Amino acid sequence: MKRILVTGGAGFIGSAFVRYLLRTYPDVHVVNYDKMTYAGNLDNVKECPPDRHTFVRGDIADATALGAAMEGCDAVVNFAAETHVDRSIMGATEFLRTNVDGVYNIMEAAKRLGTARVLLVSTDEVYGSIDTGSFKETDPINPRNPYSAAKAGGELLGRSYFTTFGVPVIITRGSNTYGPYQYPEKVLPLFATNAIDGQPLPLYEGGEHNVRDWLYVDDHCRGIDLALREGRPGEVYNVAGGNERENIELTRRILELTGRDESLIRFVPDRPGHDRRYSIDASKLRALGWCPRMDWDEGMALTIRWYQENEWWWRKIKTGEYLEYYKRQYAALSAITE
Ligand code: NAD
Ligand code: DAU
């Protein structure tokens with residue numbers, strides 16, 4: 001694989017994947033195709049060598065532009081998505097457009113061009129919530145919010161193109177990913193940057209004991225890369241962090257690492273349809289030789305330190321559209337604070 005198209009490569013995990021490819025494979029050229037929504041950020045790829053990294057501003061829902069970018073690429077790895085559950089609850093139009101229609105365009109172009117590999121980056125959220133045990137790839141999916149339903153729609157289209165047309169599609173389902181450069185709407189960077197500023201942490205009341213399985217971003221990238229190279233077309237691979245934590249425990253750790261106390265916690269109304277626990281079994285990917293390398297304590301310490309040392313990166317994000325979203329999403333917070 002010499003020329004790889006990465007869609008959504010200016011976002012959190014996509015940009016980490018682009019950086020990972022460029023440092024791991026000296027002969028790879030990355031075409032980074034990203035619409036630059038509110039979550040896209042060229043600061044995330046500013047260190048990438050221009051002779052091996054071509055940025056194309058484009059929308060996966062634009063079939064013509066996407067087809068042109070895919071031409072001559074040996075593989076496509078799709079990270080492009082609307083990704084925030086709370087925003088999907090406010091309105092899901094863009095989620096359907098990108099996460100379903102966009103994936104359809106990728107599949108159509110791959111069929112036409114004979115692309116050798118297509119990897120769709122999906123999520124453990126498509127399984128829905130599980131009280132005990134862990135989901136395997138063979139378990140039925142049961143997405144329970146508009147974001148995960150749209151991701152499941154994209155996955156199903158991808159799988160149908162494998163069955164019907166033989167397009168070599170591989171799907172990965174990753175768990176909650178954390179690390180540097182994550183847009184501060186997701187709980188970890190939101191709470192970290194708020195805590196650094198001594199601002200309240202809006203914890204969803206009733207969801208404080210809900211569990212997420214935390215996966216360090218570079219471990220997620222290695223899992224995706226292995227599935228891309230060694231996975232079997234038509235198959236799904238879970239990528240699990242192996243670090244299940246209740247939200248309250250995560251919150252306390254962030255407070256501890258930023259030198260703050262629990263007085264910053266504000267309970268706000270719970271997310272509708274809030275999934276209680278995500279848990280997946282990654283033995284299928286482990287059988288190919290993958291395992292997460294980052295230790296939880298170390299990963300948390302270095303991530304929080306990164307947000308402390310890189311205010312230049314997140315301060316300019318927490319303005320404009322972000323603040324409008326924040327006010328809408330956390331209306332209860334200002335009522336509590338004022
Ligand atoms: P992100 O929100 O940080 O980035 C998404 C990127 O996609 C942005 O750069 C955005 O500009 C781009 N994009 C959005 N719509 C587009 C379109 N129509 N055309 C082209 N580009 C578009 O997302 P992330 O957290 O890095 O997630 C990346 C992928 O990984 C997503 O597919 C998501 O579903 C999946 N995933 C995320 C997590 C997680 O915890 N963050 C876990 C498992 C799977
Ligand atoms: O599991 C993988 C998924 O993880 C990805 O597919 C999604 O793209 C990604 O956004 C993430 O989804 P979650 O909904 O699990 O992540 P989020 O950071 O939004 O929330 C994590 C937990 O924290 C969840 O139980 C809700 C809670 N939470 C979140 C926010 C934003 C709060 O208590 N308060 C908040 O303000």
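Predicted, not measured: the structure shown is a model, and the values here were computed from it. Start at 1 and go down the list; that is how both ligands and their atoms are numbered.
- Nearest heavy-atom pair, Val217 versus Gly179, reported as atom, atom and distance to 0.1 Å: CG1-CA, 4.2 Å.
- Between Tyr178 and Trp296, the gap from one ring centroid to the other is short of 6.0 Å.
- Proximity of Ser175 to ligand 1 is established by a heavy-atom distance of less than 4.0 Å.
- Atom 11 (C) of ligand 2 has Asn176 ND2, 3.5 Å as its closest protein atom, hydrogens excluded (heavy atom only).
- The Thr123 neighbourhood of ligand 2 comprises atoms 1 (O), 2 (C), 3 (C), 5 (C), 6 (O), with distances under 4.0 Å to a heavy atom of that residue.
- In this structure, Tyr204 and His274 have perpendicular ring planes: the angle between them is above 60°, well past the 30° mark.
- The aromatic rings of Tyr181 and Trp306 lie tilted to each other, with the angle between the two planes from 30° to 60°.
- Among protein heavy atoms, atom 43 (C) of ligand 1 sits closest to Gly174 O, 3.3 Å.
- Classification of Asp59 and Arg97 as a salt-bridged pair holds, one side-chain N sitting under 4.0 Å from a carboxylate O.
- Under a 4.0 Å N-O distance rule, the pair Arg222/Asp218 does not qualify as a salt bridge.
- Cation-pi geometry between Arg87 and Tyr38 is met: the NZ or CZ atom falls under 6.0 Å from the ring centre, inside 45° of the normal.
- Arg315 has a carboxylate O that lies under 4.0 Å from a charged side-chain N of Asp197, or vice versa, which qualifies the two as a salt bridge.
- Considering only non-hydrogen protein atoms, atom 36 (O) of ligand 2 sits nearest to Tyr330 OH, 2.6 Å.
- Not close to ligand 1: Ser15, with no non-hydrogen atom less than 4.0 angstrom away.
- The distance from ligand 1 to the heavy atoms of Ser122 drops below 4.0 Å at these ligand atoms: 43 (C), 44 (C).
- Residue contacts with ligand 2: Pro202 is included, with a non-hydrogen atom under 4.0 Å away.
- Applying the 4.0 Å criterion to heavy atoms of Gly8 picks out, from ligand 1, the atoms 6 (C), 7 (O), 12 (C).
- The protein heavy atom nearest to atom 27 (C) of ligand 2 is Asn247 ND2, 3.7 Å.
- In this structure, Tyr178 falls outside the shell of residues with a heavy atom less than 4.0 angstrom from ligand 1.
- Those atoms of ligand 1 that come under 4.0 Å of a heavy atom in Gly58, given as number and element, are 19 (N), 20 (C).
- Here the side chains of Ile60 and Thr98 are in contact, with some heavy-atom distance below 4.5 Å.
- Among protein heavy atoms, atom 34 (O) of ligand 1 sits closest to Tyr147 OH, 2.7 Å.
- Interface atoms of ligand 1 facing Ala80, defined by a heavy-atom separation under 4.0 Å, are 7 (O), 20 (C), 21 (N), 22 (C).
- Closest to atom 15 (O) of ligand 2 among all protein heavy atoms lies Arg212 NE, 2.8 Å.
- Contact annotation: for Val268 versus ligand 2, there are no heavy atoms closer than 4.0 Å.
- Look at Val121 and you'll find a heavy atom under 4.0 Å from some atom of ligand 1.
- Heavy atoms of Thr177 found under 4.0 angstrom from ligand 2: none, in either backbone or side chain.
- Heavy-atom separations between Gly102 and ligand 1 are all 4.0 Å or longer.
- Counting only heavy atoms of the protein, atom 32 (C) of ligand 2 lies nearest to Tyr204 CD1, 3.3 Å.
- A donor-acceptor contact shorter than 3.5 Å is absent between the side chain of Thr24 and the backbone of Leu21.
- Taking the six-membered ring for Trp and thresholds of 30 and 60 degrees, Phe55 and His53 have ring planes inclined between 30 and 60 degrees apart.
- For atom 17 (P) of ligand 2, the nearest non-hydrogen atom from the set Arg87, Arg271, His274 comes from Arg271.
- Residues Leu285 and Leu226 have side chains in contact (heavy-atom distance under 4.5 Å, counting atoms from C-beta outward).
- We find that Arg212 and Glu246 are not joined by a salt bridge, their nearest charged nitrogen and carboxylate oxygen being 4.0 Å or further apart.
- Residue His84 approaches ligand 2 through these ligand atoms, each under 4.0 Å from one of its heavy atoms: 19 (O).
- Closest heavy-atom approach to atom 18 (N) of ligand 1 within the set Asn105, Leu215, Asp59: this belongs to Asp59.
- Ranking protein heavy atoms by distance to atom 12 (O) of ligand 2, first place goes to Glu125 OE2, 2.8 Å.
- Contact detail for Ser88 and Asn145: the closest heavy-atom pair is OG-OD1, 4.3 Å.
- What sits closest to atom 2 (C) of ligand 2 on the protein, heavy atoms only, is Asp124 OD1, 3.1 Å.
- The side-chain tip of Lys46 points at the ring of Trp312 from less than 6.0 angstrom away and within 45° of straight on.
- Within the 4.0 Å heavy-atom criterion, neither part of Gln329 lies near ligand 2.
- With Ser122 as reference, Ile171 is the one residue of Asn238, Ile171, Ile141 to meet the side chain to side chain contact (heavy atoms under 4.5 Å, CB included) rule.
- Under the 3.5 Å distance criterion, the side-chain polar atoms of Tyr322 are matched with a main-chain donor or acceptor of Pro184.
- Atom 15 (N) of ligand 1 has its nearest heavy-atom neighbour, among Leu188, Ile60, Thr98, in Thr98.
- The protein heavy-atom contact nearest to atom 4 (O) of ligand 1 is Gly11 CA, 3.4 Å.
- Taking 4.0 Å as the cut-off, Phe79 counts as a neighbour of ligand 1 on heavy-atom distance.
- Near Tyr147, meaning under 4.0 Å from one of its heavy atoms, ligand 2 places the atoms 5 (C), 6 (O), 7 (C), 8 (O).
- In terms of protein heavy-atom proximity, atom 18 (O) of ligand 2 is nearest to Val187 N, 2.8 Å.
- Taking 4.0 Å as the cut-off, Lys151 does not count as a neighbour of ligand 2 on heavy-atom distance.
- Near Ala81, meaning under 4.0 Å from any of its heavy atoms, are these atoms of ligand 1: 5 (C), 7 (O), 14 (C), 31 (C), 32 (O).
- Salt-bridge annotation for Arg277 and Glu244: present, with a side-chain N of the basic residue lying under 4.0 Å from a carboxylate O of the acidic one.
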